[in-house]
Every structure is written in structure tokens, then in C-alpha cells.
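Just follow the structure's listing: the first ligand is 1, and inside any ligand the first atom is 1.
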Amino acid sequence: MGSPRWKRLCLLLLIGLTFSIILYGHYYATLDSSTSPRTATRLLQQETFGRVPAEIPRGAKNHGLTRENIIKGGSPTKETLKQEDMNPTKKKSSLCPWSLKSKVKMDPTFGKQFDFNIPVLIWEQHFTPETWDRLKDRNVPYGWHGLAYEVIASTVQLLNDSANSRLFATTRPPNSCIRCAVVGNGGILNGSRQGKDIDAHDFVFRLNGAVTKGFEDDVGTKTSFYGFTVNTMKNSLIAYAEYGFTKIPQGKDIQYIFIPSDIRDYIMIRSAVLGIPVPEGHDKGDKPQKYFGSEASGGKFKLLHPEFMHYLTERFLRSEIINTQFGYLYMPSTGAVMLLTALHTCDQVSAYGFITENYRKFSDHYYEREKKPLVFYANHDMLLESELWKSLHRVGIMKLYQR
Ligand SMILES: *[C@@H]1O[C@H](CO)[C@@H](O)[C@H](O)[C@H]1NC(C)=O
Ligand SMILES: *[C@@H]1O[C@H](CO)[C@@H](O)[C@H](O)[C@H]1NC(C)=O
């Protein structure tokens, strides 16, 4: 009678073992598929569609990540950033007596964070073997890891007009200051009547679903720069069509700022400069003219330098999300990238429609008819961004519209 009992016990053990192996395997399989870059990217990286479990961003809140920590964290790229100091528009702001640079210099904290020598845009003269070597191991948007050399080379080498190297024309009257407004799409602008103030700036930056028609009193009409990734641009056309965002701002005086977040951005800007349909990849067959108009010349297209993206994230927006399992999805929001671009190129900057402390009072966007709460996704850290805008406003480096 002893031997069958032992057999039964062995069998039970074997069954148990088999089950745990199956369960274990299943657990890893689900873990893998739920966080596979493809799925997660689709869910999170699209600024207009991403829906992310609330616990992720909440766990990744920035509280405790002080600016001191950011600075102490250091900037591993300081030396390499300096090397590439070939921006021809370097002295552009020296003529303005009231430049934000003087405020930055006087501030002990921001004085160390800002580096006005960093190239903001990448163009043909930056494309050297050293640049390729340095950026080929860094992931987008900070580098070119996994991207084909031929695509990067043929794109950046095409940006060979000096207009590709700068945002503003070089000729300016003496003592003049470049005054910029950067208009985010936040619900705070609904009923704000800031349109005239916004349009009074020399240059107006807008981004993603920047509807102006029907909202002129609140957001103005002028657009000098439109900033986006191909992904956010195309998503905006779909998600905000119902609010009137049916085409990308077009016109003689409008220039385009591409954020290099994906190979798609390189292929699209190359096609736009060449004026040909997109020949390959996700956007194959798209006509750039459809987005940017038919008379858009090569100099209108600007590409942010991956090194600049890296610097922005390291120095200003090093979110704790980076240390979570969704770290690979994180990057500063399109609005943050545009505002920081303006802060590194304009003499004076006013920010409208950006997140403020009392963001809960307002809808997600200014064009919604019914209030929709702002939802935090894992690919951005809006609370960290809001802290940054508040501090920059407090020390007088920029003006943040609040109400
Ligand atoms: C820029 O590159 C294109 C294509 O290689 C070439 O045709 C054009 O002449 C170049 N322009 C300048 C200003 O060098
Ligand atoms: C926008 O403002 C108007 C009044 O100024 C208000 O009636 C409307 O509800 C607001 N829309 C949203 C989405 O908050």
C-alpha cells in the first residue's frame, strides 16, 4: 500500500511543477506583450491618444526632484556639447539690452542650467563622422540608435541652406529684441482674450492641434513657427478635426520645426525639402505639400538637434519616469520642447496656454466645448514641466500667462 501513495505524491508534485512552469511562462509572456515597445508606443507615445494607467505617472511624479538635484546629477554631455559649437547665429542676441540671457546669468541656479552655446538646430555642417559616432548609440529623440545611416546622412546633408541653421533672419535693427510668444493649447486660454497680446510679439510659436479659427480673441491669428513630431501632427489632424483643426498652418511666413522623435521625422523633412511623396516607411505615399503647402521652400524646414533634445531633458526635464519601466517612452512634451527652443533663441519669451498650478480649473484644451480634465500619461511629466514654468516665471526669465 506504501508504494501507490508514493506514486500518487510524485504525480501530484509533477503536476504542480508543470503548472507552475506554465503559469510562469504565461506571466512572462503577458508581461512581455504588455510592455513590448510596439504596443506601448502605440498607447503612450501619441500625444493626443495615449491613455496610460494613472498609477504610472502618479508613481513617477517629480516631487523631490529639485533643481539642485538636476544640477548635481551633472551633465555628462557638457564637453561634447561644446565641441559642436558651430551655430552661425551665435551673436544674434547681443544687440538686445533686455535679453532673458541677462536674467539667466544673474540667477545662480538657472545660470548653471542654461547653455546658450548649444546648437538648437541640426543642419548640414553638423553632420560629421564625430557626430555620427556620438549619436549612433543614443536612442531617439536624443540620437540615432537603430536608424539607418543613409537616411540620417541624406536628410541632414540636405539641410544645407543657412536658413536651415537658424530660426530668425540675421538682419535686425540695433538694440532690437526678438520678442516671442509660445502658445500651448491649454484650456486656460478659453475666454482669456489674449489674442491681441499674442499677435503683438515678433514671432509666435504654435504646436500640434493649434486651432485659431473661431478662437482669435483668445489665441490670436499669427503663426511664425509650427512645432511637432510627424506622429503628433498627424494625430492632431485626426483628434482635433472636430474642433476645426483640419489643416496644418500654412503661409508665406510660417516655418516648421520638426522634433526628431522617430525615423519618420527624418524621412518626412527630407521629402518636404525635396518636394516629393514620402518614399518609404510608416508615412509612405504622403505628400508633404498636403501638410506644408505647395510653395514651401527648403529653408522653411528646421530640425531640432538630437543633442539639444538630450540637453533639454538632462538639464531641465529629467523626470523620474526615466527610472521606471516606461522610461524608454519618456520625452518632454511638444509644448515643452517648443518653449525651451524659444528660450534658447529669442530675447524675450511669453508662454500662453501652458500648464499652471491651478490646471484643474481648466479644460485640457482651449477649444473643447465641454470641460475635459487634463490626463497625465507616462510619456510626459506635466507636473515637472509645470514646476519649471513656474520657476522661470518667478525669476523673470519668461512670462507665464496665469489666471
Ligand atoms: C544642397 O544640396 C543639394 C543636394 O545635394 C544641392 O543640389 C544644392 O546645390 C545644395 N545647396 C547648397 C546651397 O549648397
Ligand atoms: C469656455 O469658456 C466659456 C465662457 O467663457 C464657457 O461657457 C465654456 O464652458 C468654457 N469651455 C470649457 C471647455 O471650459
Q.
Looking only at protein heavy atoms, which one is nearest to atom 10 (C) of ligand 1, and what is the separation?
A. N160 ND2, 2.4 Å
Q: Considering only non-hydrogen protein atoms, determine which one is nearest to atom 13 (C) of ligand 2 and report residue, atom name and distance to 0.1 Å.
A: E368 O, 3.0 Å
Q | atom 2 (O) of ligand 1 touched by protein (heavy atom, under 4.0 Å) | A | yes
Q. Are the aromatic ring centres of Y256 and F225 under 6.0 angstrom apart?
A. no
Q | Ring centers of F354, F205 separated by less than 6.0 Å | A | no
Q) Looking only at atom types and distance, does a side-chain atom of K213 sit under 3.5 Å from a main-chain N or O of F245, one as donor and one as acceptor? A) no
Q: For atom 7 (O) of ligand 1, state whether the nearest protein heavy atom is under 4.0 Å away.
A: no
Q: Using a strict cut-off of 4.0 Å, indicate which atoms of ligand 2 neighbour a heavy atom of S363.
A: 13 (C)
Q) Where is the nearest protein heavy atom to atom 12 (C) of ligand 2: which residue, which atom, and how far? A) N190 ND2, 3.3 Å
Q | Nearest-neighbour protein heavy atom for atom 5 (O) of ligand 2, which is reported as residue plus atom name and distance | A | G191 CA, 4.4 Å
Q: With heavy atoms under 4.0 Å as the rule, classify the contact between E370 and ligand 2 as side chain, backbone, both or neither.
A: backbone
Q) Are Y366 and Y243 near enough that their ring centres are under 6.0 Å apart? A) no
Q.
Ring-plane angle category for F203 and F168, please: parallel below 30°, perpendicular beyond 60°, tilted otherwise.
A. tilted
Q: Please confirm whether the backbone N or O of D218 pairs with a side-chain atom of S192, one donor and one acceptor, at under 3.5 Å?
A: yes
Q: Considering heavy atoms of the protein only, find what lies nearest to atom 9 (O) of ligand 2 and give residue, atom and distance to 0.1 Å.
A: R369 O, 4.2 Å
